[in-house]
Student: 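Let me give you the structure first, and then I'll get to my questions.
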Amino acid sequence: MQDLPSPITLPPRSLNALDRCQKQFPLSATPFADMAAMLGDGWTASELMQLLREAQQAGLLSRLGAVFAPNTVGSSTLAALAVAPERLDAVAAYVSSHAEVNHNYQRQHHFNLWFVVTASDVAAVTDVLSRIHLATGLTPLNLPLLREYHIDLGFALDGSIAVRQPQRVPEPIRPDWRQQRLLAALCSGLPLQLRPFTLLAARCGLTEQEVLLQLQDWQAGGVLRRFGAVLRHAELGYRHNAMCVWQIDDAATRETIAWQLAGEPAVTLCYERPARLPYWPYQLFCMIHASDAASLQAALGQIIQRHGLQQYAHAVLPSLKRYTQRGACYGHHA
């Protein structure tokens, strides 16, 4: 990775607190005090907020906020461009200038710029892709999610592997005006203040109770996949990642293999997207993260061998440069 700082080393006590804040952060009026009480070990609300501020300043913490199940409160797609090397940085900067683009990476492939567009609906996503096409003269591959098998970038910081449960796929919702305002307010994450939901509510013209009840309702229904610390994997030491894709034309076989890949500890994402012939024949995607290139290659080799994937056409697209990594915004305006 060309643009990444050295991995950040934290004492075990701080590392444990950040780890638990990923998935155990409470949706309550005084979440930092409640989280500190859950942590024990002498933690106070003020000390926990200071840890999170320092993690944010160091680039380790992207935000403290909401992670929604894909395509439930808005629409998103994975897109790619084939950019001439001499234009890559300029085109990447233009792509990243769109608020709807929350991830943007250079990968080693003919299609060398890969980005995620998230907006309020399919029409808004399409509009962003159209603007990029008109401005750059390049036609994006548009690869919307068809089915998810495993999506979780809440890395366990102690290196442990949790037992994976099938992820609930809730039905999309049509946000009303109150929900739209809340979604807009969530874009920048939770303020690191003692009563953060009071400030969040003020951003969108709701009460603290209305905000908490809505978030709790979304969480109970599976629309809100988790609320907590969203950390940057590279700063955690996962400095190498690759998008691995396979062409498996038989749908039943593809589903069987997808579930096998979703259970692999090294696989952090696994999902199906459409092929775009003749340019892109691959339907099954997975992401592998590792601390170094050799570990990544070894993990991929073992996965291919274990599941007999040698027989299928595939491509491995290592990440070369991170242009953008930020929280998704759904295009609603308060």
Student: Hydrophobic cluster membership, with links at side-chain heavy-atom distances under 4.5 Å among I/L/V/M/F/W/Y: are V230 and L182 in one?
Tutor: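 No, it is not one cluster - the side chains of V230 and L182 are not joined through contacts under 4.5 Å.
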Student: I'd like to know if the side chain of Q310 pairs up with that of Q305 as donor and acceptor (distance under 3.5 Å, no hydrogens or angles considered).
Tutor: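 Yes, Q305 and Q310 have a side-chain donor paired with an acceptor closer than 3.5 Å.
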Student: In sequence, state the C-alpha distance, the side-chain angles, and the governing distance for R131 and E100, and then conclude on salt bridge (charged side-chain N to carboxylate O under 4.0 Å, His left out).
Tutor: CA-CA 12 Å; R131 279 185 270 142; E100 298 91 345; 3.8 Å; yes
Student: Can you tell me how far CD of Q214 sits from CG of L183, rounded to the nearest 0.5 angstrom?
Tutor: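 Spacing of CG (L183) from CD (Q214) equals 8.5 Å.
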Student: Report whether L60 and M35 are members of the same hydrophobic cluster (ILVMFWY, side-chain heavy atoms less than 4.5 Å apart, transitive linking).
Tutor: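 Yes, one cluster joins them.
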Student: What distance separates L186 CG from R203 CZ, expressed to the nearest 0.5 Å?
Tutor: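 The distance works out to 8.0 Å.
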Student: Tell me whether L194 at atom CG has more than 12 heavy atoms from other residues, nucleotides or ligands lying less than 6.0 Å away.
Tutor: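 Atom CG in L194 is not crowded, with 12 or fewer foreign heavy atoms closer than 6.0 Å.
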Student: Suppose we call two aromatic rings close when their centres sit under 6.0 Å apart. Are H109 and W280 close by that rule?
Tutor: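 They qualify: ring centres under 6.0 Å apart.
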Student: Would you compute the distance between atom CG of L261 and atom OG1 of T256 and round it to the nearest 0.5 angstrom?
Tutor: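 Answer rounded to 0.5 Å: 11.0 Å.
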Student: Please assess D249 against R254 for the test salt bridge (charged side-chain N to carboxylate O under 4.0 Å, His left out), listing each intermediate value before the final yes or no.
Tutor: CA-CA 7 Å; D249 294 329; R254 185 166 63 244; 5.5 Å; no
Student: Apply salt bridge (Lys or Arg N to Asp or Glu O under 4.0 Å) to D250 and list each qualifying residue two or more places apart in sequence or on a separate chain.
Tutor: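 Partners of D250 under the salt bridge (Lys or Arg N to Asp or Glu O under 4.0 Å) test: none.
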Student: Check for me whether the distance between the ring centres of Y282 and W246 falls short of 6.0 Å.
Tutor: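 Not under 6.0 Å, so no.
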Student: Does the plane of the ring in Y94 sit parallel, tilted or perpendicular to the ring in H98? Use 30° and 60° as the thresholds.
Tutor: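 Perpendicular, since the angle between the ring planes exceeds 60°.
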Student: Can you spot which of Y271, F285, W259 makes a ring-ring contact (aromatic ring centres under 6.0 Å, His included) with Y149?
Tutor: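 Among Y271, F285, W259, the one meeting ring-ring contact (aromatic ring centres under 6.0 Å, His included) with Y149 is W259.
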Student: Where is the tightest heavy-atom contact between F115 and L113, given as atom of each residue plus distance?
Tutor: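 Taking every non-hydrogen atom into account, CD2-O, 4.1 Å.
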Student: Going through the checks in order, is the side chain to side chain donor-acceptor pair (under 3.5 Å) test met by R53 and Q56?
Tutor: CA-CA 5 Å; R53 288 191 192 102; Q56 197 165 48; over 6 Å; no
Student: Salt-bridged, R273 to E148, with N to O below 4.0 Å?
Tutor: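 A salt bridge is absent here (no side-chain N lies under 4.0 Å from a carboxylate O).
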Student: So how far is it from C204 SG to R181 CZ, rounded to the nearest 0.5 Å?
Tutor: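 That separation rounds to 7.0 Å.
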Student: Side chains of S96 and T324: any donor to acceptor distance under 3.5 Å?
Tutor: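 Note: T324 and S96 side chains meet the donor-acceptor criterion.
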Student: Rounded to the nearest 0.5 Å, what's the gap from CG on L145 to CG on L78? Could you check?
Tutor: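 So the CG of L145 and the CG of L78 are separated by 9.5 Å.
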Student: Considering only residues two or more places apart or on different chains, which pairs with a residue in residues 17-75 satisfy ring-ring contact (aromatic ring centres under 6.0 Å, His included)?
Tutor: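 Qualifying pairs, neighbours excluded: F25-F32, F68-W218, F68-Y330.
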Student: At what distance, to the nearest 0.5 angstrom, does OG of S75 lie from CG of D121?
Tutor: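 Rounded to the nearest 0.5 Å, the OG-CG separation comes to 7.0 Å.
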